[in-house]
Amino acid sequence: MTLRLFNTLGRSIEKFEPIERRRVRMYTCGPTVYGPAHVGNFRSFVFADLVRRYLEWSGYDVTWVMNITDVDDRIIRIAKEQGISIEELTERHADGFREDLRRLRVTPPDRMPRATEHIPDMVALIETLLDRGHAYRTEDGSIFFRIQSWPAYGRLASLEPEQMRVGERVEADDYGKDDVRDFALWKAAKAGEPSWTTAIGEGRPGWHIECSAMSMRYLGHSFDLHTGGVDLIFPHHEDEIAQSEAATGERFVRTWLHCAHLQLGGQKMARREGNIERPADVYQRGYTPRVLRYALMRTHYRAPLEYTDETLVHAAREVERIDTALAALDAYRNEAAGDPSVPALLEGCRERFKSGLDDDLNVSDALAGVFELVRELNRRVSDRSLSTTDARAAAASIRELDRVLAVAQEDESALPEPATRLLEERVAARAARDWATSDRLRDELLGYGVVVEDTRDGQRWRRAVEVAGG
RNA sequence: GGCGACGUACCCAAGUGGUUAAGGGGGAGGUCUGCAAAACCUCUAUUCACCGGUUCGAAUCCGGUCGUCGCCUCCA
């Protein structure tokens, strides 16, 4: 069984075969840093991270590039409104974005190029498009891509250019294009807007060109995977394909992956709809980042996900179940002969996990296998049929799968010092059968986000999933 | 108007032609336990939005209907 993925280009599930045997090059359209990103945005970034982690887990070397868009209309407008420089605004939100990724345990991309640092690459690309007759200049000095020059336009989105509903949402002025469907590669300088002096004139880049320039700069003219939300299919990704392939004459991206939207109140979560929630809001409500990560990841990426109060509650319960099982296995001691059924149990779970994820990243199926394993192991912990070695192997096996999921609690080295001390004091109190002290310490530990449970193997603890800071 | 996605129990959610429709949550009952928590056991969909059709056999394939959502020029 090998990995099969749904390619938006062609709308079918295909066997995944990277251009190079053991190496995968992937690109993700990153944020426009005009403000903090919302939970819906993070669905697509967590999804991209799942792809990256799963590929690495499967043995590939992955080069992952995610851009940061740090110049565009909204950035210019908001910086103006707030009376700060564009650099100050974008720096602040780019930092915030990186911090959000870190907390959500998104593997740091190998590169996070910024648009403003790649103007020469974009200019070179636009020059080529001008030379080849795919782009033209308007009176004010702006440059547009000529859609009519590219017959394959509309293939990704499966839209016929002739049937597009032109005119409804196109701004009337729009720099005097030849055809309303043509899109901007370069916007001529305007008073009060940032601009660069370049070989193609004074101005700033359009949105789409930056992704073509930066992806090809770091990944080559042809690379394996490109991810984003479904809302980027058209026009953003369609335009990327047109301008990239028209410039290089080579296939741009092999496989396009798009995740469905996160919905709130029956509608796509979007700033424009006014129904957004940010990671910080989630943490404020007492859920840990890994619960949010899990919530965004636990359903299939191509299915719309309705975000409700229950979404996080369910996620917290499931994460907790995995944590509890790991804590129980870690605390387990039984110097006895091993349970001969354990290796097959662990291997069976791993196989199911892999076959689930190989099937277009069917996380639900993979997780069902993990939960079945958890139940089997809990049963064996209860009846004490495991040896200490079995328990170690089982915990290691679950943590091995968690290299993909990245939701389990981290080891105890991360515990705050006072909590470690309280745990020790509580062990002593229990040894003295001082229940009053034992119960008081249990409450105090909860204040540190540590849940304590008593078993025949003694006290064991795990991190609460609903207290901020996990 | 065009294109696309989705509709499985109280909730979330797998399953896409063939034994009893995964898994988690919630609920009910039980076991264990200093208390608590966790865990374990039993129960909780004769049925897959609806209507037809194909087939020995359909949640799965085909046709139609209804409902929800998205995209159709700068939105993850």
Side-chain angles (χ1 to χ4, degrees), chain A residues 8 11 28-32 37-48 69 72-74 147 154 157-171 174 177 180-184 187 206-208 227-236 238-239 258-263 266-273 295 298-300 302-306 308 310-311 313-318 320-321 324-325 327-328 352 356 359 362-372 374-375 377-383 430 433 435-436 438-439 442-443 451-456 460 462:
Chain A
T8 305
R11 315 251 172 201
T28 295
C29 284
T32 300
H38 59 73
V39 173
N41 300 134
F42 285 105
R43 183 184 192 193
S44 74
F45 302 127
V46 166
F47 158 64
T69 299
D72 95 318
D73 294 349
R74 287 168 300 176
I147 283 169
S158 67
L159 286 174
E160 294 293 325
E162 283 69 32
Q163 289 176 335
M164 282 163 50
R165 251 186 165 179
V166 295
E168 290 208 359
R169 284 170 64 171
V170 180
E171 300 90 283
D174 231 353
K177 300 188 265 191
V180 282
R181 296 169 309 210
D182 291 346
F183 60 90
K187 299 181 176 185
W207 178 35
H208 317 299
T227 76
V230 287
D231 50 0
L232 294 187
I233 295 172
F234 194 89
H236 187 53
E238 190 71 59
D239 291 351
H258 294 99
C259 71
H261 286 135
L262 187 74
Q263 298 182 188
Q267 283 183 312
K268 163 186 170 183
M269 184 181 286
R271 187 176 265 226
R272 178 187 286 175
E273 305 288 347
R298 69 186 279 270
T299 62
H300 190 85
R302 284 191 290 117
L305 172 56
E306 180 68 32
T308 66
E310 294 231 290
T311 307
V313 174
H314 284 160
R317 294 284 82 78
E318 292 186 16
E320 201 162 33
R321 192 160 160 79
T324 307
R352 174 158 182 199
D359 181 17
N362 188 338
V363 178
S364 304
D365 187 48
L367 283 170
V370 173
F371 286 114
E372 282 181 12
V374 162
R375 191 179 58 232
L377 291 170
N378 283 337
R379 192 180 286 157
R380 286 164 167 76
V381 165
S382 296
D383 64 23
R430 294 187 63 73
R433 302 185 71 79
W435 307 129
S438 167
D439 292 353
R442 181 166 60 203
D443 289 345
V451 178
V452 185
E453 291 162 358
D454 301 303
T455 73
R456 57 185 293 180
R460 76 181 185 221
R462 62 192 157 82

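Chain A is the first sequence line, chain B the second, and so forth, proteins listed ahead of strands; every chain is numbered from 1.
Taking atom C1' in both B:G18 and B:A58, one finds a spacing of 10 Å when rounded to whole Å. Across the P atoms, B:G63 and B:G4 are found 13 Å apart, a figure rounded to whole Å. Look at the C1' atom in both B:A9 and B:A49: the space between them is 14 Å, to the nearest Å. Taking the C1' atoms as reference points, B:U54 lies 12 Å from B:G17, given to the whole Å. Rounded to a whole angstrom, the distance from the C1' atom of B:C71 to that of B:A59 is 29 Å. For the C1' atoms, the distance from B:G24 to B:U44 is 14 Å, rounded to whole Å. Nucleotides B:C10 and B:U47 place their P atoms 12 Å apart, quoted to the nearest Å. To the nearest whole angstrom, the two C1' atoms, one in B:C32 and one in B:G57, are 47 Å apart.
Remark on RNA chain B: of its neighbouring residues A:Val39 and A:Thr324, the 5'-side contact belongs to A:Thr324, judged by nearest-heavy-atom nucleotide. Between A:Asn41 and A:Glu372, the residue anchored nearer the 5' end of RNA chain B, judged by the nucleotide with its closest heavy atom, is A:Glu372.
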Might you list the N or O atoms of the protein lying below 3.5 Å from N or O atoms in nucleotides 67-69 of chain B, with each pair's distance?
| unit_1 | atom_1 | unit_2 | atom_2 | d |
| --- | --- | --- | --- | --- |
| B:C69 | O2' | A:Gln263 | OE1 | 2.8 |

Between N or O atoms, less than 3.5 Å apart, protein on one side and nucleotides 14-20 of chain B on the other: list the pairs.
| unit_1 | atom_1 | unit_2 | atom_2 | d |
| --- | --- | --- | --- | --- |
| B:A14 | OP1 | A:His300 | N | 3.4 |
| B:A14 | O5' | A:Ser364 | OG | 3.4 |
| B:A14 | O3' | A:Asn362 | ND2 | 2.9 |
| B:G15 | OP1 | A:Asn362 | ND2 | 2.6 |

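Looking only at distances, a side-chain donor or acceptor of A:Lys177 sits under 3.5 Å from a matching main-chain atom of A:Asp182. Listed for the A:Glu453 side chain is no donor-acceptor partner under 3.5 Å among the backbone atoms of A:Arg460.
Closest approach of A:Ser158 to A:Arg11, counting heavy atoms only: OG-NH2, 3.8 Å. Listed here is the closest heavy atom pair of A:Ala315 and A:Ala295: CB-CB, 3.7 Å. Contact record, A:Arg462 with A:Ala327: CB-CB, 4.2 Å, taken as the closest heavy-atom pair. Between A:Ser44 and A:Gly228, the shortest heavy-atom contact is CB-C, 4.5 Å.
Between the CZ atom of A:Arg271 and the P atom of B:A76 there is a distance of 9 Å, given to the nearest Å. Between the P atom of B:C71 and the CG atom of A:Asp239 lies a distance of 16 Å, rounded to the nearest Å. Atom-to-atom, NE2 of A:His236 to P of B:C75 comes out at 10 Å; the value is rounded to the nearest Å. Here the C1' atom of nucleotide B:G70 and the CG atom of A:Leu159 are 12 Å apart, to the nearest Å. In this structure, A:Leu367 atom CG and B:C12 atom P are separated by 17 Å, rounded to whole Å. Look at CZ on A:Phe45: it is 11 Å from C1' on B:C75, rounded to the nearest Å. Atom CH2 in A:Trp207 sits roughly 6 Å away from atom C1' in B:C75 (whole-Å rounding). In this structure, the CE atom of A:Met269 is 13 Å from the P atom of B:G70, given to the nearest Å.
A:Glu306 pairs by the side-chain contact (heavy atoms from CB on, under 4.5 Å) definition with A:Gln263, A:Thr308, not counting sequence neighbours. Taking A:Thr227 as the reference, A:Thr28 meet the side-chain hydrogen bond (donor to acceptor under 3.5 Å, both in side chains) condition, with sequence neighbours excluded. Legend: residues meeting side-chain contact (heavy atoms from CB on, under 4.5 Å) with A:Asn41, ordered by chain and number and at least two apart, are A:Ala37, A:His38, A:Phe45. By the side-chain hydrogen bond (donor to acceptor under 3.5 Å, both in side chains) test, A:Arg430 pairs with A:Ser438, A:Asp454, sequence neighbours left out. Listed by chain and residue number, A:Arg43, A:Leu262, A:Thr299 satisfy the side-chain contact (heavy atoms from CB on, under 4.5 Å) test with A:Leu305 (two or more places apart in sequence, or in another chain). When the side-chain hydrogen bond (donor to acceptor under 3.5 Å, both in side chains) test is applied to A:His236, the partners found at least two apart in sequence or on another chain are A:His208, A:Glu240. In this structure A:Arg352 satisfies the side-chain contact (heavy atoms from CB on, under 4.5 Å) test together with A:Asp365, A:Ala368, A:Glu372, sequence neighbours excluded. For A:Asn362, there are no side-chain hydrogen bond (donor to acceptor under 3.5 Å, both in side chains) partners at least two apart in sequence or on another chain.
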Quiz item: Dot-bracket for RNA chain B: what is it, with Watson-Crick or G-U pairs under 3.5 Å, [ ] where a pair crosses earlier ones, and | for a pair to another strand?
Solution: ((((((((.[[[..)..(....]]]((((((.......))))))....[[[[[..)....]]]]])))))))....
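With distances taken from any side-chain atom of A:Arg272 to the nucleotides B:A76, B:G24, B:C75, the minimum falls on B:C75. The nucleotide whose nearest atom lies closest to any side-chain atom of A:Ser158 is, among B:G4, B:C71, B:A38, B:G4. Nearest to the side-chain atoms of A:Arg379 among the listed nucleotides B:C41, B:C75, B:A38 stands B:C41. Of the candidates B:G4, B:A38, B:C40, B:G4 carries the atom nearest the A:Arg11 side chain, counting heavy atoms from C-beta on. Here B:C74 is the nucleotide among B:A13, B:G24, B:C74 with the atom lying nearest to any side-chain atom of A:Asp72.
A sub-4.0 Å separation between OP1 or OP2 of B:A39 and a side-chain N or O of A:Asn378 is absent.
Heavy atoms of A:Gly40 sit under 4.0 angstrom from at least one base atom. Contact annotation for A:Leu232: backbone-only contact, meaning every heavy-atom pair under 4.0 Å involves sugar-phosphate atoms and none involves a base. The residue A:Ala327 sits apart from the nucleic acid: no heavy atom pair falls under 4.0 Å.
A salt bridge links A:Arg317 and A:Glu320; the closest N-O separation between the charged side-chain nitrogens and carboxylate oxygens is under 4.0 Å.
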Practice problem: Summarise how protein sits on nucleotides 25-34 of chain B as a single string, 5' to 3': B when a protein heavy atom is under 4.0 Å from the base, S for sugar-phosphate-only contact, - for no contact. | Solution: SS-------B
Self-check item: side-chain contact (heavy atoms from CB on, under 4.5 Å) between A:Val230 and A:Lys268, worked out
Solution: CA-CA 11 Å; A:Val230 287; A:Lys268 163 186 170 183; over 6 Å; no
